[in-house]
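Quick notes on the structure that follows.
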Amino acid sequence: GAVVSQHPSRVICKSGTSVKIECRSLDFQATTMFWYRQFPKQSLMLMATSNEGSKATYEQGVEKDKFLINHASLTLSTLTVTSAHPEDSSFYICSAVVPGQGIGGYTFGSGTRLTVV
Amino acid sequence: AQSVAQPEDQVNVAEGNPLTVKCTYSVSGNPYLFWYVQYPNRGLQFLLKYITGDNLVKGSYGFEAEFNKSQTSFHLKKPSALVSDSALYFCAVRDDTGGFKTIFGAGTRLFVKA
């Protein structure tokens with residue numbers, strides 16, 4: 001089946017540094033990917049929709065200059081958290097639309113636990 | 001605007017008993033409804049979906065869900081719970097206007113006691 005690989009699974013970084021999270025579709029081409037943020041014991045908050053070859057569409061309240069999304073190829077989308085601060089610590093999850101699976105054909109990555117110290 | 005409500009933060013059930021995790025939704029058009037399960041520090045796994053057709057949808061691991069249009073509900077059910085079903089469950093909705101944006105409920109933690 002369709003697999004989305006997300007790396008790293010865990011990352012600890014110092015405050016003020018930048019962190020890049022990768023989301024790869026391994027056996028299909030993903031023209032559309034989504035980035036979510038999940039706070040402890042809370043639901044997934046959609047941050048942005050990433051479309052291959054074009055600018056990401058950010059949800060209201062999400063700082064696009066802080067959360068840089070690049071979808072330069074049909075198999076890779078990246079989320080870069082710039083100048084990270086402790087409040088950016090969270091669980092980040094990507095998902096991809098799987099072609100040919102009809103409505104609801106989303107596959108999720110395994111998530112990245114970001115801790116900013 | 002789309003919204004999803006999962007009224008219970010946690011559901012406790014004994015192993016072997018039936019379980020129900022509740023979900024209600026609101027969309028402008030016709031709903032596309034989904035259930036996902038999440039294990040600790042992992043991404044989401046798809047369980048089942050309702051697009052159209054039969055109101056009772058069967059999915060993975062013995063789970064099923066019933067679409068009720070008049071009550072705008074899509075409750076997740078399983079006839080006999082297993083300890084391994086203990087996890088976080090999310091209901092999600094999309095409308096039929098053609099976009100991909102999916103809204104998730106707050107999640108319900110299911111705890112199955114042996």
Side-chain angles (χ1 to χ4, degrees), chain A residues 1-11 21 23-25 30-52 56-60 62 71 90-99 101-115, chain B residues 1-10 21 23 25 27 29-53 57 59-60 65 67 74 87-111:
Chain A
V3 176
V4 170
S5 176
Q6 184 173 345
H7 292 281
S9 58
R10 293 177 178 271
V11 58
I21 301 170
C23 185
R24 291 183 185 272
S25 57
T31 55
T32 302
M33 289 188 175
F34 303 94
W35 287 96
Y36 293 88
R37 181 174 181 178
Q38 185 180 27
F39 293 97
K41 299 182 179 181
Q42 293 189 28
S43 186
L44 282 70
M45 180 190 77
L46 179 63
M47 299 175 66
T49 302
S50 168
N51 293 299
E52 186 269 336
T57 303
Y58 290 83
E59 295 299 304
Q60 190 174 6
V62 177
H71 195 157
S90 192
F91 193 60
Y92 293 87
I93 307 175
C94 67
S95 73
V97 177
V98 181
Q101 290 196 2
I103 299 166
Y106 292 7
T107 296
F108 283 80
S110 56
T112 298
R113 171 77 58 196
L114 170 63
T115 303
Chain B
Q2 302 161 218
S3 66
V4 179
Q6 293 180 245
E8 303 154 316
D9 291 337
Q10 181 166 314
V21 183
C23 171
Y25 67 90
V27 295
N30 292 313
Y32 300 145
L33 296 155
F34 311 89
W35 276 101
Y36 291 87
V37 60
Q38 184 182 33
Y39 296 96
N41 294 310
R42 301 297 301 274
L44 275 66
Q45 296 178 30
F46 170 79
L47 280 179
L48 52 80
K49 66 181 179 183
Y50 170 83
I51 305 302
T52 186
V57 178
S60 307
F67 171 64
F74 190 57
L88 186 58
Y89 290 81
F90 290 101
C91 181
V93 68
R94 226 160 83 204
D95 64 27
D96 64 348
T97 58
F100 290 115
K101 184 175 175 179
T102 299
I103 302 299
F104 287 81
T108 298
R109 188 163 300 280
L110 173 66
F111 181 70

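The structure presented is a predicted model; accordingly, all values stated were derived computationally and were not measured. To find a chain, count down the sequence lines: A is the first, B the second, and so on, and within it residues start at 1.
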Quiz item: To the nearest 0.5 Å, what is the distance between CD (Gln38(B)) and CD1 (Ile93(A))?
Solution: 5.0 Å
Quiz item: Between Tyr106(A) and Phe34(B), how do the two ring planes meet: parallel, tilted or perpendicular, split at 30° and 60°?
Solution: parallel
Practice problem: Would you name the heavy atoms of Ala106(B) and Ser43(A) that are closest together and state the gap between them? | Solution: CA-CB, 3.4 Å
Quiz item: So what's closer than 4.5 Å to chain B heavy atoms on Ser110(A): side chain, backbone, both or neither?
Solution: both
Practice problem: Look up atom OG1 in Thr102(B) and atom CZ in Phe34(A), then write down how far apart they are to the nearest 0.5 Å. | Solution: 6.0 Å
Quiz item: Can you say whether Glu59(A) sits under 4.5 Å from chain B via the side chain, the backbone, both, or neither, judging by heavy atoms?
Solution: side chain
Quiz prompt | Side chain, backbone, both or neither of Ile103(B) within contact of chain A (heavy atoms, under 4.5 Å) | solution = neither
Quiz prompt | Phe104(B) side chain reached by Gln38(A) side chain, heavy atoms, under 4.5 Å | solution = no
